[in-house]
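Notes follow the structure.
Lettering of chains follows the sequences in order, A, B, ..., and the numbering in each one begins at 1.
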Amino acid sequence: MNEFERSRVREARILKIEQETPTVKTFELGVSLDAVPGQFVMVWLPRVAEKPFTLIKTGNTIAIAVKKRGGFTEKLFQLNEGSYLGIRGPYGKGFSWGGVKKVCVVAGGIGIAALVRLAEELAKSKVSVDFIAGFRTKSEVLFKERIENVANLHIITEDGSFGTKGICSDVLMDFLKKNEYDKLYCCGPELMMVKVLKLCKKFNLKAEFAVERYMKCAVGLCGQCCLDEWLVCRDGPVFSSEQLLKSKEFGKFYYTKSGKKVAIQ
Amino acid sequence: MNEFERSRVREARILKIEQETPTVKTFELGVSLDAVPGQFVMVWLPRVAEKPFTLIKTGNTIAIAVKKRGGFTEKLFQLNEGSYLGIRGPYGKGFSWGGVKKVCVVAGGIGIAALVRLAEELAKSKVSVDFIAGFRTKSEVLFKERIENVANLHIITEDGSFGTKGICSDVLMDFLKKNEYDKLYCCGPELMMVKVLKLCKKFNLKAEFAVERYMKCAVGLCGQCCLDEWLVCRDGPVFSSEQLLKSKEFGKFYYTKSGKKVAIQ
Amino acid sequence: MQHLKEATPCFLNLFIFIFGWVFLPSLETELCNVSLKNPLILASGVLGLSKNNLLRAQRGGAGAVTIKSVSLEERSGHETPNIAFFEAGMLNAFGYCNPGIEEALKEFSDLSCFEVPVIASCTASNASDFAKLVEALDKLDFAAIELPLSCPHTPGYGLLAGQGTPEATKEIVEACRKKTKKPLLVKINASLPRIGEIALAAEKAGANAITCSNTLGPGMVIDINSTKPVLAFKVGGVSGPAIRPIVVRSVYDLYKRIKIPIIGLGGVLRGEHVIELLMAGASCVGIGTAIALRGHNVFEKCCDEMLAWMKKHGYKSIGELIGLAHE
Amino acid sequence: MQHLKEATPCFLNLFIFIFGWVFLPSLETELCNVSLKNPLILASGVLGLSKNNLLRAQRGGAGAVTIKSVSLEERSGHETPNIAFFEAGMLNAFGYCNPGIEEALKEFSDLSCFEVPVIASCTASNASDFAKLVEALDKLDFAAIELPLSCPHTPGYGLLAGQGTPEATKEIVEACRKKTKKPLLVKINASLPRIGEIALAAEKAGANAITCSNTLGPGMVIDINSTKPVLAFKVGGVSGPAIRPIVVRSVYDLYKRIKIPIIGLGGVLRGEHVIELLMAGASCVGIGTAIALRGHNVFEKCCDEMLAWMKKHGYKSIGELIGLAHE
Ligand SMILES: Cc1cc2nc3c(=O)[nH]c(=O)nc-3n(C[C@H](O)[C@H](O)[C@H](O)COP(=O)(O)OP(=O)(O)OC[C@H]3O[C@@H](n4cnc5c(N)ncnc54)[C@H](O)[C@@H]3O)c2cc1C
Ligand SMILES: Cc1cc2nc3c(=O)[nH]c(=O)nc-3n(C[C@H](O)[C@H](O)[C@H](O)COP(=O)(O)OP(=O)(O)OC[C@H]3O[C@@H](n4cnc5c(N)ncnc54)[C@H](O)[C@@H]3O)c2cc1C
Ligand SMILES: Cc1cc2nc3c(=O)[nH]c(=O)nc-3n(C[C@H](O)[C@H](O)[C@H](O)COP(=O)(O)O)c2cc1C
Ligand SMILES: Cc1cc2nc3c(=O)[nH]c(=O)nc-3n(C[C@H](O)[C@H](O)[C@H](O)COP(=O)(O)O)c2cc1C
Ligand code: FES
Ligand code: FES
């Protein structure tokens with residue numbers, strides 16, 4: 001099967017919808033697919049648009065976790081079970097965990113979607129996982145049970161309504177001081193990832209980050225998702241700390257839908 | 001690899017040319033190909049034409065035996081070693097010899113080209129082969145040594161200049177009376193094959209015949225090579241006696257280059 | 001009790017009947033008042049030289065078959081190679097080889113062996129020759145007559161005779177219309193930018209359906225090892241998967257512009273591709289090149305694939321699918 | 001003796017030099033007096049949004065790179081899906097998304113990081129806007145400027161603005177010619193029947209090369225499960241292997257009609273395809289879609305394949321291959 005065949009749209013009707021938090025729903029889709037944790041699919045809602053989402057479940061059926069943000073995700077939230085979605089993929093490079101024994105995972109908000117399967121796979125490989133998950137507030141806490149099953153979960157909320165009060169990067173400092181990790185994995189808002197990257201550098205810890213950029217083609221053609229010379233859809237979304245430390249754009253610039261370079265605030 | 005890929009022209013330069021008889025040359029071509037005895041390739045001489053020829057050798061290099069007849073074969077005869085030919089194929093259905101112990105092979109003229117590899121394969125399968133080969137005259141005798149190595153060869157010439165004087169079908173009658181065969185294989189001028197078919201019917205002997213028709217596409221599209229509802233390029237060139245006994249066109253009609261149905265004389 | 005016992009199987013039959021009606025899709029359809037057991041038509045020029053050729057396609061499951069385009073005089077066509085392959089399809093340049101109308105009239109004089117409609121096809125260099133051919137073919141039992149005004153690789157015919165314009169289309173179709181009451185199908189070429197106008201001209205001039213499309217291009221395949229174009233005629237019409245998206249778009253566009261039915265043709269390999277063309281707006285779908293890949297029973301295979309898909313998605317008839325992508 | 005000892009390595013060097021010259025093929029070539037290390041050019045619109053994008057293609061081995069076509073104003077283009085796949089290639093309808101000329105002038109103001117020529121590309125709805133863009137781009141260090149008069153899927157631009165005619169081509173090229181001394185490349189669409197006339201019009205109006213071709217069609221892919229066209233814009237330009245034979249034929253035809261060089265572009269996946277287009281008459285060859293299949297170093301891979309083939313067949317330079325299929 002060549003890349004053309006692989007990228008044809010596949011029917012993926014919604015089997016089950018769960019409202020996980022006030023702003024996040026998970027959608028189980030009726031299509032079978034294998035993927036490495038960190039890989040994503042393009043999800044198409046006919047007559048609306050097509051956008052990238054990480055897989056939080058693979059196998060005979062797949063699932064995605066969606067945070068309501070703008071036009072597309074709002075339309076997704078209006079769908080019922082049985083609705084039609086099309087998917088293509090999986091795309092991108094996922095996380096790698098060869099030779100690690102003890103790791104730290106840091107998730108910010110919906111970024112946890114990219115990390116939940118990773119934690120499960122790590123546990124299967126008998127890796128000990130400290131999982132720091134930061135949310136805005138108690139009601140936004142996501143995947144608590146799923147992660148508690150496979151990792152030492154430390155929940156943080158900005159308003160202190162659940163778990164430790166604070167932001168991930170602060171708490172992470174403590175963890176890094178007290179533990180010896182082989183590797184760190186992180187996904188969340190880019191400015192948070194920048195802070196985590198700095199800590200990793202300070203503690204000389206190897207890390208992998210799942211990065212988001214505006215995507216259109218997902219096959220490395222349109223150039224929309226570029227991060228320095230890399231294309232996030234193809235060379236990422238998972239990048240190593242070595243790569244990101246060399247980056248001139250990580251945490252600083254991204255390209256809008258027109259391809260305009262703008263600063264990240 | 002789909003049929004499109006399989007049917008792309010492949011470079012097959014002439015490695016060796018041998019003048020076998022005054023009217024027949026064999027060409028060894030530098031291309032590697034596997035095929036069942038009876039299958040053929042389309043041979044392309046750029047700026048001249050493309051025509052079907054049976055493979056008399058397969059493996060790392062292939063070979064064809066060509067009888068000079070008209071424009072195309074004359075041009076082939078003018079070529080030197082190193083000249084460019086293109087081939088596509090192999091095409092068609094070859095001979096089958098499951099479960100046979102003792103067989104009779106009947107070749108008329110250049111028809112022997114379709115049968116020489118068959119005889120060799122039969123010998124490898126420890127089948128006992130009586131090979132009746134008819135030619136016009138002594139100088140036209142072809143593949144004598146090759147066939148003597150693997151079969152009991154009985155050469156017949158129309159003018160009696162070598163072997164038995166006569167035509168294949170007469171001699172075949174004797175062989176059929178004296179031997180018990182499991183199967184008969186035949187290729188030669190169509191009217192000779194008609195006679196052989198009748199004998200097979202009379203002796204209740206199963207047989208396979210390699211039939212020629214004007215060919216253009218070799219992939220079952222143009223309809224040019226039809227024999228009743230069959231297409232010789234795809235359903236043949238090897239047909240069973242059962243099939244041919246049902247045929248209304250075998251020995252009677254063929255279609256010219258324009259598709260005009262004409263009688264075989 | 002006696003009463004009930006007898007009634008039971010009757011109820012059961014009725015139930016099975018209703019069940020079948022409700023759940024089993026049907027591929028039956030019609031084109032210009034000719035009913036077809038399925039919407040798949042053998043494309044002109046593929047097989048179709050002889051009745052036997054066509055019978056083979058009928059046996060392979062075709063809903064209708066088309067003869068190879070016939071001209072007034074016998075033509076032996078271009079020299080071989082007549083076809084060239086590339087990874088996404090093929091090129092052909094047969095150059096309208098055919099035995100001429102006289103032979104064709106003999107070959108197709110008795111069509112009683114066919115259970116499916118047989119469509120004639122004829123080609124000429126000008127309107128009056130077209131009219132002569134249609135007049136001759138009209139006498140036989142063909143269900144319809146197709147006029148390919150769109151061959152991209154035969155000097156003096158089709159696009160190489162300037163037939164791919166609304167003006168030429170009008171002239172030819174009008175001349176033919178006078179000679180027959182049979183449905184006239186006009187075959188156009190999706191390579192052209194003005195297909196909408198051409199199809200409208202055909203419709204106005206009395207055509208009963210549009211066949212879209214002939215082979216595209218033309219294209220060329222060069223064998224780099226010999227440095228020569230493979231085809232003896234150098235260029236040839238492109239068919240097979242390579243052209244399907246352009247054909248789908250053309251059918252979609254035509255469906256919005258004309259009222260007469262469309263036969264979608266080009267690059268269909270599977271039942272799903274047939275459905276794609278139906279949804280674009282085709283009433284029937286032609287198959288040619290796919291025979292080289294999937295054999296002469298490609299029609300049967302496509303029907304099976306269509307039925308499986310229709311069952312899964314709850315469609316019961318071809319009519320429900322036609323033009324669905326426009327909704 | 002001493003004398004000889006010293007001389008030996010010198011002889012050896014000379015021998016190696018001569019050996020290399022005699023047996024090792026070179027891919028070096030030139031286009032409009034710009035020298036290229038190989039004839040492979042990154043197609044416009046593929047990557048090309050940013051300098052970083054282009055650097056990636058340079059690193060992948062491209063002999064030259066082209067920026068994504070830029071327009072006067074910022075355009076966010078069509079909604080996603082912007083691309084749709086079928087087994088023989090893909091369709092795209094990005095709708096000329098680009099940040100606009102002002103941003104582009106900033107982004108490409110300093111091209112000193114490039115070792116290979118960078119070609120600009122700009123698109124507009126009319127000749128005077130084209131002229132404005134060319135005037136602006138002329139100030140930067142681009143090696144040439146390409147005018148795509150041939151996009152099949154953006155209302156107000158290319159074919160959908162009627163730019164695919166000899167008349168429009170003449171007007172636009174003449175207006176641009178006045179604004180720059182840089183080589184002007186005119187990108188045409190092999191879907192059109194009159195490409196010969198269009199290319200001649202471009203040549204007469206002062207174009208320095210013809211790029212053939214933009215994406216063909218447009219085409220459409222319908223997702224039968226949702227009954228909807230996949231692309232948000234419904235139709236899109238076809239690229240990839242599906243279009244190669246039509247592009248080869250177009251380049252072959254143009255080579256006979258025009259004197260300025262041709263950049264062959266469409267469906268190239270491998271070095272052998274590059275050679276096919278060179279033999280048809282192209283001086284350079286563009287690569288776009290292949291990146292999705294073979295990665296960003298597809299240029300390097302194609303070069304390796306070309307060198308291997310040229311070595312085997314005894315060709316020593318690109319110049320020997322250009323137009324060879326015409327002999
Ligand atoms: C590799 C990858 C994986 C992702 N996985 C998830 C996930 O698992 N769950 C989840 O909720 N979100 C995920 N996202 C983000 C998700 O694609 C966007 O949130 C979504 O597209 C927002 O669309 P919208 O129309 O609702 O919002 P908009 O109002 O259009 O945009 C809101 C934000 O989303 C971003 N966005 C919009 N469109 C795109 C696009 N085509 N590509 C990338 N970013 C876009 C914009 O930058 C903007 O900041 C992922 C993004 C990427 C690149
Ligand atoms: C399956 C098959 C296998 C063949 N194998 C051999 C072989 O091993 N050795 C050999 O010498 N010949 C073989 N032939 C016949 C060979 O293809 C023709 O002899 C050759 O094409 C004659 O071409 P010409 O131009 O020299 O002669 P022409 O003067 O053109 O024709 C001479 C005769 O060859 C036949 N012929 C011509 N062109 C074709 C064509 N395209 N397809 C079929 N028949 C044609 C004609 O019917 C005519 O009777 C085979 C034919 C077929 C169908
Ligand atoms: C071998 C071959 C011969 C053809 N000959 C004719 C012809 O005689 N008349 C005609 O109208 N179309 C002819 N065509 C065009 C087909 O009818 C059809 O329009 C085209 O091949 C596209 O369909 P496909 O992709 O299913 O093959 C021919 C096509 C092929 C492949
Ligand atoms: C994703 C994509 C975007 C494109 N954008 C442009 C563009 O902005 N300007 C342009 O002139 N051509 C554009 N094209 C056309 C390509 O430059 C090229 O002509 C076409 O894709 C054929 O080459 P290929 O088969 O190698 O891709 C685009 C093509 C693709 C696939
Ligand atoms: S989304 Fe197009 S290159 Fe990454
Ligand atoms: S040669 Fe064309 S069908 Fe057999």
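Using a 4.5 Å cut-off between heavy atoms, A/R10 makes no contact with chain D at all. With a threshold of 4.5 angstrom between heavy atoms, D/S50 approaches chain A through side-chain atoms but not through N, CA, C or O. When heavy atoms are compared at a cutoff of 4.5 Å, A/Y255 approaches chain D solely by way of its side chain, counted from C-beta outward. Proximity to chain A (any heavy atom under 4.5 Å) is restricted, for D/A88, to the backbone atoms N, CA, C and O. D/T289 touches chain A through backbone and side chain together, each having a heavy atom under 4.5 Å away. For a residue to count as touching a neighbouring chain, one of its non-hydrogen atoms must lie under 4.5 Å from one of that chain's; by this rule A/L227 does not touch chain D. In this structure, chain D has heavy atoms under 4.5 Å from both the backbone and the side chain of A/Q224.
When atom types are taken as modelled, the side chain of A/D228 and the backbone of A/K248 share a donor-acceptor pair closer than 3.5 angstrom.
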Give the intermediate values and the outcome of side-chain contact (heavy atoms from CB on, under 4.5 Å) for residues A/V211 and A/Y254. CA-CA 11 Å; A/V211 179; A/Y254 74 104; over 6 Å; no
Please step through side-chain hydrogen bond (donor to acceptor under 3.5 Å, both in side chains) for the pair A/D235 and A/Q243, ending with a clear verdict. CA-CA 11 Å; A/D235 305 305; A/Q243 289 177 301; over 6 Å; no
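For the set D/I291, D/L54, D/N98, the entry with the most heavy-atom pairs within less than 4.5 Å of chain A is D/N98. Ranked by heavy-atom pairs shorter than 4.5 Å toward chain A, the options D/R75, D/E87, D/E103, D/K106 are led by D/E87. The residue among D/G100, D/G89, D/A232, D/G288 with the most heavy atom pairs within less than 4.5 Å of chain A is D/G89. Of the listed residues A/C226, A/G259, A/P46, A/C222, the one with more heavy-atom pairs under 4.5 angstrom with chain D than any other is A/C222. Contact tally against chain D (heavy-atom pairs below 4.5 Å) for A/R88, A/M215, A/R13: the top residue is A/R88. Among A/C217, A/S258, A/G223, the residue making the largest number of heavy-atom pairs under 4.5 Å with chain D is A/S258.
Salt-bridge formation is not detected for the pair D/K37/D/E115: no Lys NZ or Arg NE/NH1/NH2 atom is positioned less than 4.0 Å from an Asp or Glu carboxylate oxygen.
Taking 4.5 Å as the limit, some side-chain heavy atom of D/C303 sits within range of a side-chain heavy atom of D/L40. Put simply, the side chain of D/Y157 reaches to within 4.5 Å of the side chain of D/S125, judged on heavy atoms.
With a 6.0 Å radius and a threshold of 12 heavy atoms from other residues, nucleotides or ligands, A/K261 has its NZ atom above the threshold. Around NZ of D/K228, the count of heavy atoms belonging to other residues, nucleotides or ligands within 6.0 Å exceeds 12.
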